[in-house]
Amino acid sequence: MGKQKTKKFASMKRMISLKDQRIKEKDRAKVQEKKKKDPSEIKEKEVPKYPSCLFFQYNTQLGPPYHILVDTNFINFSIKAKLDIVQSMMDCLYAKCIPCITDCVMAEIEKLGMKYRVALRIAKDPRFERLPCTHKGTYADDCLVQRVTQHKCYILATVDRDLKRRIRKIPGVPVMYISNHRFNIERMPDDYGAPRF
């Protein structure tokens with residue numbers, strides 16, 4: 001009968017000794033033991049910096065005339081609901097509103113093709129303020145989130161759930177959306193008189 005092969009238990013992997021020629025000089029030094037932390041030592045914690053325009057959750061940079069950043073789907077949904085964008089914004093906020101459109105959003109509407117030519121015509125309206133983009137790529141959601149975090153003077157108009165979820169994490173930025181064939185706004189300071197439905 002042949003010899004049966006059995007597994008070796010508790011066998012260790014071979015390790016290179018520190019005197020081996022393949023090890024570089026800097027790696028030969030043994031690792032120093034970590035010092036135990038003193039419990040009475042003052043702990044440093046890094047806190048995210050918030051802009052000076054925020055007074056608690058109250059944004060002091062918001063005020064009429066309102067600058068409203070418009071997303072692609074907001075324009076499309078307002079066409080479906082047969083709402084005039086500028087007039088409906090003014091009805092919602094009871095003040096002058098300046099809709100702003102970035103180059104990324106404009107490029108996104110142009111990419112949609114002939115089916116959305118009405119949206120493109122509305123976006124090129126002279127009442128809309130055009131904001132130039134300096135970054136690479138044309139992903140509108142990232143562009144809008146970046147612009148809103150840098151400058152707290154905008155209200156973001158969107159119907160996109162994911163974008164709304166991202167904007168809610170940024171303090172002091174109201175979100176305008178469409179519901180029941182009218183424009184509504186959330187997280188707007190009470191003093192500005194935006195109605196709550």
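Computation of the quantities below employed the complete heavy-atom set of this structure, encompassing side-chain atoms and omitting hydrogens, waters and symmetry-equivalent molecules. This chain uses plain numbering: 1 for the first residue, then up along the sequence. Every value quoted in this text rests on a predicted model; they were computed, and no experiment measured them.
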SG on Cys133 to CE on Met106, rounded to 0.5 Å:
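Those atoms lie 11.5 Å apart.
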Between NZ on residue Lys124 and CD1 on residue Ile109, distance to nearest 0.5 Å
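If we round to the nearest 0.5 Å, Lys124:NZ and Ile109:CD1 are 10.0 Å apart.
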So do the side chains of [X] and [Y] get within less than 4.5 Å of each other, counting heavy atoms only?
{"X": "Thr72", "Y": "Thr158", "result": "no"}
{"X": "Tyr116", "Y": "Asn76", "result": "yes"}
{"X": "Cys100", "Y": "Phe128", "result": "no"}
{"X": "Leu120", "Y": "Leu112", "result": "no"}
{"X": "Val148", "Y": "Val145", "result": "no"}
{"X": "His135", "Y": "Gln146", "result": "yes"}
{"X": "Ile85", "Y": "Ile122", "result": "yes"}
{"X": "Leu163", "Y": "Leu156", "result": "yes"}

Are the charged groups of [X] and [Y] less than 4.0 angstrom apart, N to O?
{"X": "Asp142", "Y": "Arg166", "value": "yes"}
{"X": "Arg165", "Y": "Asp160", "value": "no"}
{"X": "Glu186", "Y": "Lys164", "value": "no"}
{"X": "Arg182", "Y": "Asp91", "value": "no"}

Indicate yes or no for a side-chain donor-acceptor contact from [X] to the backbone of [Y] under 3.5 Å, with no hydrogens or angles considered.
{"X": "Asn184", "Y": "Tyr177", "value": "no"}
{"X": "Asn59", "Y": "Gly172", "value": "yes"}
{"X": "Arg147", "Y": "Leu144", "value": "no"}

Over all atoms of both residues, closest heavy-atom pair of [X] and [Y]:
{"X": "Ile170", "Y": "Arg187", "answer": "O-NH2, 2.7 Å"}
{"X": "Asp71", "Y": "Asn73", "answer": "OD2-OD1, 3.1 Å"}
{"X": "Pro99", "Y": "Cys97", "answer": "CD-O, 3.5 Å"}
{"X": "Cys153", "Y": "Leu62", "answer": "O-CD2, 3.9 Å"}
{"X": "Ile178", "Y": "Ser78", "answer": "CD1-N, 3.6 Å"}
{"X": "Cys104", "Y": "Ala140", "answer": "CB-CA, 3.9 Å"}

Is there a path of hydrophobic side-chain contacts, each under 4.5 Å between heavy atoms, that joins Leu69 and Tyr139?
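Hydrophobic grouping puts Leu69 apart from Tyr139.
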Same apolar cluster: Ile98 and Met89, side chain cutoff 4.5 Å:
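Shared cluster, no.
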Chi angles and distances behind the side chain to side chain contact (heavy atoms under 4.5 Å, CB included) call for Arg130, Thr102:
CA-CA 6 Å; Arg130 188 77 181 267; Thr102 61; over 6 Å; no
Counting only heavy atoms not in His181, do more than 12 fall under 6.0 Å of its NE2?
no
Side chain to side chain contact (heavy atoms under 4.5 Å, CB included) assessment of Val118 paired with Ile75:
CA-CA 9 Å; Val118 179; Ile75 296 172; over 6 Å; no
Quick one, Asp84 with Arg127, criterion salt bridge (charged side-chain N to carboxylate O under 4.0 Å, His left out). Give me CA distance, side-chain angles, the key distance, then yes/no.
CA-CA 12 Å; Asp84 179 29; Arg127 294 179 293 179; 3.6 Å; yes
Please test Ile185 against Ile155 for side chain to side chain contact (heavy atoms under 4.5 Å, CB included), starting from the C-alpha separation and ending with a verdict.
CA-CA 9 Å; Ile185 195 156; Ile155 297 169; 3.7 Å; yes
For the residue pair Phe183 and Phe74, is the inter-centroid distance of their aromatic rings smaller than 6.0 Å?
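Yes; Phe74 has its ring centre under 6.0 Å from that of Phe183.
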